[in-house]
Amino acid sequence: MKQKVIESAVKIQDYLFKHLGLSIEMQTQILAKEQPSYSNIMQIFAGTISGIITNLILIFMYVLFLLYYRLHIKKFILQLFNLNQKTDVEKIIVNAANVSQEYLVGLAKTITCLWLMYGIGFSIIGVQNAIFFALLCGVLEIVPFVGNITGVIITVFVAILHGASISLLASIGITFGCIQLVHGWVLEPLILGHQVKINPLFTIISLIVGELLWGIPGIILAIPLTAIFKIICDHVQPLKPYGFLIGEIEKTKRKRALT
């Protein structure tokens, strides 16, 4: 990519010299005037690094205190309800905790399997830096529907910059399609199971809301939090329609609707 950028910059400089009469020295002076000062660059860099470190520390503290006070929070929630409702509320809390844990563990297992499949597939078809793009496509699976497409688009784009042939680009698409079939029909049912039954529409909505509220951590936690909300809706009579709205359409009902 660096080599391609250098070649493109040289072509642009040559074009400006031939058609506009701007020498290399004049172009360098113009660019120097437009560039920010060294102190400004360092301030922006320091601000970015400090922001990242602050967010990481805050996330660590959130997790630490939530784990430490989990029983205290559970008792607080149970005290909000009367004795007749405490059994049902405790059942909801246990189910919600199990779903969150199973989803996050299952997601980690799924990403590991995708790393292996993408690594083997990209290496066989001859993609440059196959391991890197395998890791990238696997990590982006954190964002359902959008992440996997983004990963393959980046892989194809970089392959084009390296002068990949049409057959290699087609092989990347075929490899991506085969892995996604295995992911959708084998990995998700076996590893993730049917605990997180959220339809694609509300999956995308939850991801967008999570990103707006909390950035990358919000994206990671959006689906398990939505699944927890669905469990609450399924166990509370006035909220059951919302749980039905968020959940997937059952196959039998879908077939009847189509017929």
Side-chain angles (χ1 to χ4, degrees), residues 1-2 4-5 99-100 102-227 230 245-249 251 254:
M1 291 181 66
K2 179 180 178 181
K4 292 295 181 181
V5 170
V99 166
S100 303
E102 289 177 5
Y103 173 76
L104 294 176
V105 173
L107 182 61
K109 293 180 180 178
T110 302
I111 290 175
T112 303
C113 294
L114 289 175
W115 283 342
L116 295 174
M117 290 190 294
Y118 277 121
I120 295 172
F122 289 162
S123 299
I124 291 175
I125 64 178
V127 176
Q128 295 186 20
N129 303 313
I131 302 301
F132 169 77
F133 291 110
L135 295 175
L136 177 66
C137 292
V139 170
L140 289 176
E141 195 64 35
I142 293 175
V143 184
F145 307 113
V146 179
N148 48 20
I149 298 175
T150 303
V152 73
I153 289 175
I154 294 174
T155 305
V156 170
F157 177 73
V158 176
I160 292 174
L161 290 179
H162 284 92
S165 61
I166 300 298
S167 59
L168 178 59
L169 298 179
S171 299
I172 294 174
I174 293 172
T175 302
F176 171 76
C178 294
I179 291 175
Q180 287 303 310
L181 284 175
V182 175
H183 173 245
W185 292 93
V186 179
L187 294 181
E188 283 190 349
L190 290 179
I191 298 178
L192 291 178
H194 301 283
Q195 296 294 330
V196 185
K197 296 181 180 179
I198 305 172
N199 62 56
L201 172 61
F202 281 90
T203 299
I204 298 297
I205 292 175
S206 64
L207 291 172
I208 294 173
V209 174
E211 195 278 333
L212 292 175
L213 294 178
W214 203 12
I216 299 300
I219 293 176
I220 298 174
L221 298 175
I223 295 179
L225 290 178
T226 306
K230 182 181 181 300
L245 179 64
I246 297 173
E248 289 185 342
I249 302 175
K251 293 183 178 180
R254 185 180 299 175

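Computed over heavy atoms, backbone and side chain alike; hydrogens, waters and symmetry mates excluded. Everything numeric here is computed off the predicted structure, so don't read it as measured data.
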Once rounded to the nearest 0.5 Å, what's the spacing between atom [atom1] of [X] and atom [atom2] of [Y]?
{"X": "Ile153", "Y": "Ile172", "atom1": "CD1", "atom2": "CD1", "result": "12.5 Å"}
{"X": "Ile120", "Y": "Ile131", "atom1": "CD1", "atom2": "CD1", "result": "9.0 Å"}
{"X": "Thr226", "Y": "Ile246", "atom1": "OG1", "atom2": "CD1", "result": "7.0 Å"}
{"X": "Glu141", "Y": "Gln180", "atom1": "CD", "atom2": "CD", "result": "5.5 Å"}
{"X": "Ile160", "Y": "Thr155", "atom1": "CD1", "atom2": "OG1", "result": "11.0 Å"}
{"X": "Phe133", "Y": "Leu135", "atom1": "CZ", "atom2": "CG", "result": "11.0 Å"}

Using the side chain to side chain contact (heavy atoms under 4.5 Å, CB included) rule, pick out the option among Leu136, Thr110, Val139 that qualifies with Trp115.
->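 Testing each of Leu136, Thr110, Val139 against Trp115, the sole residue satisfying side chain to side chain contact (heavy atoms under 4.5 Å, CB included) is Val139.
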Which pair of heavy atoms, one from Ala134 and one from Phe122, lies closest together, and at what distance?
->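 Shortest heavy-atom separation between Ala134 and Phe122 comes out as N-CD1, 4.0 Å.
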Is the backbone of Thr203 close enough, under 3.5 Å, to the side chain of Ser206 for a donor and an acceptor to pair up by distance?
->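 Yes: the side chain of Ser206 pairs with the backbone of Thr203.
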Does a sphere of radius 6.0 Å around CG in Leu181 hold more than 12 heavy atoms from other residues, nucleotides or ligands, not counting ones at 6.0 Å or beyond?
->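 Yes, enclosed.
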Go through the steps to decide whether Cys137 and Phe176 satisfy the test side chain to side chain contact (heavy atoms under 4.5 Å, CB included), and finish with yes or no.
-> CA-CA 10 Å; Cys137 292; Phe176 171 76; over 6 Å; no
